[in-house]
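See structure below.
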There are 2 protein chains.
Amino acid sequence: ISADLQEHCKQYKLPQQSLDWFTKSLDYNTVGGKCNRGMSVVDTTSLLQNKTLDPKSEEYFRPALLGWMIELLQAFFLVSDDIMDASKTRRGNPCWYLAPKVGMIAINDAFMLEASIYILLKKHFRQEKSYIDMVELFHEVTFKTECGQLCDLLTAPEDDVNLDNFNLDKFTFIVIYKTAYYSFYLPVALALHYIGAATPKNLQTAEDILIPMGEYFQAQDDYLDAFADPEVLGKLGTDIMDNKCSWLINQALKQVTPEQRKLLEDNYGQKDSAKEAKVKKLYHDLKLREFYEQWEEERVADLRHKIDKVDESEGLKKEVFEVFLQKIYKRTK
Amino acid sequence: ISADLQEHCKQYKLPQQSLDWFTKSLDYNTVGGKCNRGMSVVDTTSLLQNKTLDPKSEEYFRPALLGWMIELLQAFFLVSDDIMDASKTRRGNPCWYLAPKVGMIAINDAFMLEASIYILLKKHFRQEKSYIDMVELFHEVTFKTECGQLCDLLTAPEDDVNLDNFNLDKFTFIVIYKTAYYSFYLPVALALHYIGAATPKNLQTAEDILIPMGEYFQAQDDYLDAFADPEVLGKLGTDIMDNKCSWLINQALKQVTPEQRKLLEDNYGQKDSAKEAKVKKLYHDLKLREFYEQWEEERVADLRHKIDKVDESEGLKKEVFEVFLQKIYKRTK
Ligand SMILES: [Mg+2]
Ligand SMILES: [Mg+2]
Ligand SMILES: [Mg+2]
Ligand SMILES: [Mg+2]
Ligand SMILES: [Mg+2]
Ligand SMILES: [Mg+2]
């Protein structure tokens with residue numbers, strides 16, 4: 001893929017220094033993630049076509065390429081999100097904008113990661129009937145994610161803690177738009193387009209199941225951030241200190257007494273571990289662990305019910321959604 | 001147009017605060033420019049169709065909409081370029097990222113300006129035969145501009161002056177990719193697609209004339225930056241202090257003696273008006289004014305020759321290029 005993109009740039013006679021830079025950015029920012037989203041395209045395609053795909057075959061290569069495009073989209077979002085959040089590390093390495101000599105050039109690098117999607121789509125999928133639909137799908141999902149990111153940035157600025165900004169509706173909007181569309185809906189929608197089964201009904205079914213699944217996933221992520229054993233989770237949760245508009249804080253705000261709300265206002269969103277501990281203590285007092293566990297069971301039951309009702313007559317399969325749900329349910333990291 | 005985009009966002013139930021923000025960003029960043037690029041689509045369409053377009057008619061509205069998409073593309077580039085260059089003002093106002101409360105949110109705002117192009121294209125041009133070609137044209141030109149921007153950022157960082165980095169090939173690459181494609185080629189190519197005359201030959205002819213015209217335009221821009229009367233130009237040139245890889249410095253580097261080169265190395269690219277004056281003095285000693293004037297005549301003669309040979313049989317017209325050239329030749333601001 002990197003070779004493909006380099007070849008495209010060489011047509012432009014892009015100076016060597018710039019070509020090397022772009023190659024390095026591609027490598028730094030797309031390799032080393034978990035590739036969950038990318039692999040979902042391959043796995044979904046394999047399930048829908050009801051066959052195992054040989055990793056060396058063209059049949060495997062094409063959905064994998066679509067998967068890499070999701071990884072490129074994610075890289076575009078992460079590189080820029082890290083700048084906007086002034087984050088320090090990503091996947092155990094310094095954020096790209098903090099790497100030597102990069103700085104704000106990272107903004108243009110993020111653009112080039114996004115643009116790469118369409119170069120690859122054109123090069124490899126131009127002949128497909130679903131080409132324009134896939135292009136539009138990427139546009140639509142990109143814009144939705146940017147809307148979610150905007151709402152997140154306006155709702156939870158790290159330097160201006162104001163719990164009045166938070167509410168469950170905004171939490172839901174942010175989660176669905178910023179995360180669920182590109183992480184959950186996009187891989188399945190791409191696979192449907194790829195195999196030629198992207199009927200309006202199938203796309204709607206996928207959206208109706210995968211968006212609530214993404215919501216559940218994020219609530220779980222927020223729950224684990226505060227309640228999981230950091231050893232098992234593999235990282236220290238920082239949502240409370242980061243003033244995150246998380247599922248937990250929103251649930252807490254719905255239940256607190258005026259005194260407890262005062263406690264949250266005084267302690268949430270500050271880089272102070274004593275204050276963080278007070279918020280965690282309140283989460284325990286409010287029994288948010290138990291509340292989450294019960295809520296999880298309800299959501300999972302609801303998802304199972306929806307999956308059960310999936311109409312497979314237009315080429316969709318319940319199994320696609322079951323596999324997604326299995327990866328999430330009861331995960332500990 | 002803003003209303004169109006707001007309506008699209010309302011489908012998403014984007015919270016009001018985010019919608020207001022996006023509306024403000026659209027307004028701040030697309031209004032107030034000269035709209036040269038945008039108007040070029042209308043003017044070119046009018047010439048090619050050989051009729052005056054009534055500003056209140058649909059015939060006028062559609063090419064004007066394509067023009068606005070170029071303005072959105074430009075806004076996306078300018079908002080982000082100002083962050084990358086740490087600029088202070090744009091069109092007489094503070095740069096968007098320096099406006100109250102904006103900061104790095106401007107990065108995401110830039111993304112949304114870009115994404116708006118494809119929302120509008122889909123909404124208004126989806127039925128056209130040339131829809132996918134216009135989408136691909138925007139993708140291609142966007143990526144080219146990003147390649148030019150990358151080369152510019154790597155060649156002329158403001159904090160690391162190294163004239164060894166400069167040469168005319170890089171100058172040419174930067175100018176063509178960063179500016180000429182989107183400012184000169186894109187408006188005409190869009191107009192050709194719009195009227196259904198985007199044959200491979202016409203597109204090639206447009207590129208062969210408009211890219212050198214963009215090169216000429218930028219050389220002139222760099223020349224005016226140092227040699228024009230600031231009163232007439234309407235701004236103070238800052239290219240020398242900004243370490244810009246300009247046409248003048250590249251021409252100077254080709255002609256200097258070792259002593260003169262030493263003078264440039266000691267004085268170029270520094271925020272010091274005494275040093276700037278020394279560089280300007282050298283430009284005068286090297287007779288760059290006279291050199292430019294002669295070079296301009298040659299380039300314009302060459303462009304006129306190319307325009308003269310344009311084959312109008314597939315619906316293209318010499319006049320389109322003549323109008324572009326008239327706007328540029330001998331301009332003083
Ligand atoms: Mg972040
Ligand atoms: Mg963020
Ligand atoms: Mg988390
Ligand atoms: Mg700039
Ligand atoms: Mg710049
Ligand atoms: Mg200039």
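Here the structure is a predicted model, which means the values were calculated and not measured.
- When heavy atoms are compared at a cutoff of 4.5 Å, A:Asp81 does not approach chain B at all.
- Side-chain contact between B:Leu14 and A:Tyr177 is absent, with no heavy atoms from C-beta onward closer than 4.5 Å.
- For a heavy-atom cut-off of 4.5 Å, chain B lies close to A:Phe76, A:Ser80 in residues 73-80 of chain A.
- At a heavy-atom cut-off of under 4.5 Å, chain B is reached by A:Phe111, A:Met112, A:Glu114, A:Ala115, A:Tyr118, A:Ile119, A:Lys122 from residues 111-122 of chain A, listed in order of number.
- Proximity to chain A involves both the backbone and the side chain of B:Gln17, based on heavy atoms less than 4.5 angstrom apart.
- Residues A:Met84 and B:Met104 come closest through the heavy atom pair CG-O, 3.3 Å.
- Residues of residues 144-154 of chain A placed with any heavy atom under 4.5 Å of a heavy atom in chain B are listed by number as A:Lys144, A:Glu146, A:Cys147, A:Gln149, A:Leu150, A:Cys151, A:Leu153, A:Leu154.
- Neither the backbone nor the side chain of B:Asp85 comes within less than 4.5 Å of any heavy atom of chain A.
- In this structure, B:Lys13 places its NZ atom where only 12 or fewer heavy-atom neighbours from other residues, nucleotides or ligands lie under 6.0 Å away.
- Contacts from residues 168-175 of chain A to chain B, taken as heavy-atom pairs separated by less than 4.5 Å, involve A:Lys170, A:Phe173 in sequence order.
- Of all the listed residues (B:Gly103, B:Pro15, B:Ala110), the one sharing the greatest number of non-hydrogen pairs under 4.5 Å with chain A is B:Pro15.
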